[in-house]
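A quick note: this is a predicted structure, and the numbers were derived from the prediction, not measured.
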Amino acid sequence: MAEGHTITIEQGTRHVRVVHGGQVLAESERPLVLRETGCPVRYYLPPEDVRLDLLTPSGTRTHCPFKGTASYWSRPDGADLAWAYPDPEPGVAGIKDHLCFYETDVV
């Protein structure tokens with residue numbers, strides 16, 4: 001980690017739902033809550049709680065020096081709605097293969 005930059009991951013207890021275009025893409029009661037310096041709180045959901053049949057892998061890849069290289073998923077009406085780290089950096093290994101969405105509802 002860079003000086004002053006922190007990432008914490010904890011097991012969440014709240015219900016998280018992802019809806020896009022009126023369709024539920026994911027729903028979980030076991031999200032991982034990731035807090036990172038300078039970023040909004042993000043919820044990483046286990047792949048079994050995500051409707052992967054409604055998403056298509058995209059060619060987009062981004063690299064974060066703290067988390068690693070992310071792969072993205074899209075829908076015809078929304079590009080790169082979700083991402084995951086298939087091979088995350090050791091300090092955030094817990095998020096491996098969990099999916100994160102830009103917009104989530106916490107209920």
Side-chain angles (χ1 to χ4, degrees):
M1 295 289 158
E3 187 174 333
H5 188 273
T6 61
I7 296 177
T8 60
I9 301 169
E10 60 190 41
Q11 182 62 58
T13 57
R14 308 219 22 217
H15 185 99
V16 175
R17 180 181 308 127
V18 178
V19 179
H20 178 79
Q23 192 159 35
V24 176
L25 300 182
E27 199 154 8
S28 183
E29 293 188 7
R30 51 198 182 126
L32 295 177
V33 182
L34 185 140
R35 291 179 173 84
E36 180 175 4
T37 302
C39 299
V41 171
R42 295 289 185 199
Y43 297 92
Y44 282 77
L45 310 180
E48 341 34 274
D49 295 349
V50 177
R51 294 281 315 269
L52 292 171
D53 59 312
L54 300 176
L55 299 167
T56 303
S58 82
T60 302
R61 302 288 179 270
T62 59
H63 184 76
C64 168
F66 307 109
K67 293 187 293 288
T69 300
S71 300
Y72 288 75
W73 285 261
S74 298
R75 288 191 38 87
D77 60 349
D80 300 334
L81 297 172
W83 68 92
Y85 291 90
D87 188 25
E89 294 294 325
V92 294
I95 64 170
K96 179 178 175 55
D97 294 327
H98 284 58
L99 285 91
C100 187
F101 292 80
Y102 285 106
E103 296 181 27
T104 59
D105 295 322
V106 180
V107 292

4.5 Å side-chain heavy-atom contact, Val92 and Tyr85 = no
State, with a plain yes or no, whether a side-chain heavy atom of His5 is found less than 4.5 Å away from one of Ile7.
-> yes
Nearest-0.5 Å distance that lies between atom CD in Glu36 and atom OG1 in Thr6 | 8.0 Å
According to a 4.5 Å side-chain heavy-atom criterion applied to Ile, Leu, Val, Met, Phe, Trp and Tyr, with indirect links allowed, do Val19 and Trp73 form part of one hydrophobic cluster?
-> no
Here the pair of heavy atoms bringing Pro88 nearest to Ile95 is CB-CG1, 4.3 Å
Hey, does the side chain of Lys96 reach the backbone of Asp87 with a donor-acceptor pair shorter than 3.5 angstrom?
-> no
Quick one: sort the Trp83 and Tyr72 rings into parallel, tilted or perpendicular, breaks at 30° and 60°.
-> tilted
For Glu89, salt bridge (charged side-chain N to carboxylate O under 4.0 Å, His left out) partners two or more places apart = none
Using only heavy-atom distances, determine whether the side chains of Ser74 and Thr56 contain a donor-acceptor pair under 3.5 Å.
-> no
Taking side chain as C-beta onward, heavy atoms only, is Leu99 less than 4.5 Å from Tyr44?
-> no
Distance, nearest 0.5 Å, that separates CZ of Arg51 from CD of Gln23 = 6.5 Å
Of all heavy-atom pairs linking His98 and Pro47, the shortest is CA-CD, 4.4 Å
Kindly determine whether Val16 and Phe101 satisfy side chain to side chain contact (heavy atoms under 4.5 Å, CB included), including the steps that lead there.
-> CA-CA 11 Å; Val16 175; Phe101 292 80; over 6 Å; no
Would you say Ser71's side chain and Ala84's backbone share a donor-acceptor pair under 3.5 angstrom?
-> no
More than 12 foreign heavy atoms under 6.0 Å from CD of Glu103: is that the case here?
-> no
d(Arg35 CZ, Ile9 CD1) to nearest 0.5 Å is 11.5 Å
For the pair Leu32 and Gln11, evaluate side chain to side chain contact (heavy atoms under 4.5 Å, CB included) and give the outcome as yes or no after the intermediate values.
-> CA-CA 5 Å; Leu32 295 177; Gln11 182 62 58; 3.5 Å; yes
Taken to the nearest 0.5 Å, the spacing of Glu10 CD from Leu34 CG works out to 9.5 Å
Any side-chain heavy-atom pair from His15 and Glu27 closer than 4.5 angstrom?
-> yes
Could I get the full list of salt bridge (charged side-chain N to carboxylate O under 4.0 Å, His left out) partners for Arg42, not counting sequence neighbours?
-> none
Looking only at heavy atoms, the pair that brings Leu54 and Val24 closest together is CD1-O, 3.8 Å
Side chain to side chain contact (heavy atoms under 4.5 Å, CB included) filter on Ser28, not counting sequence neighbours, yields Arg30, Pro31, Leu45, Pro46, Asp49
Student check: side-chain heavy atoms of Asp77 and His20 closer than 4.5 Å = yes
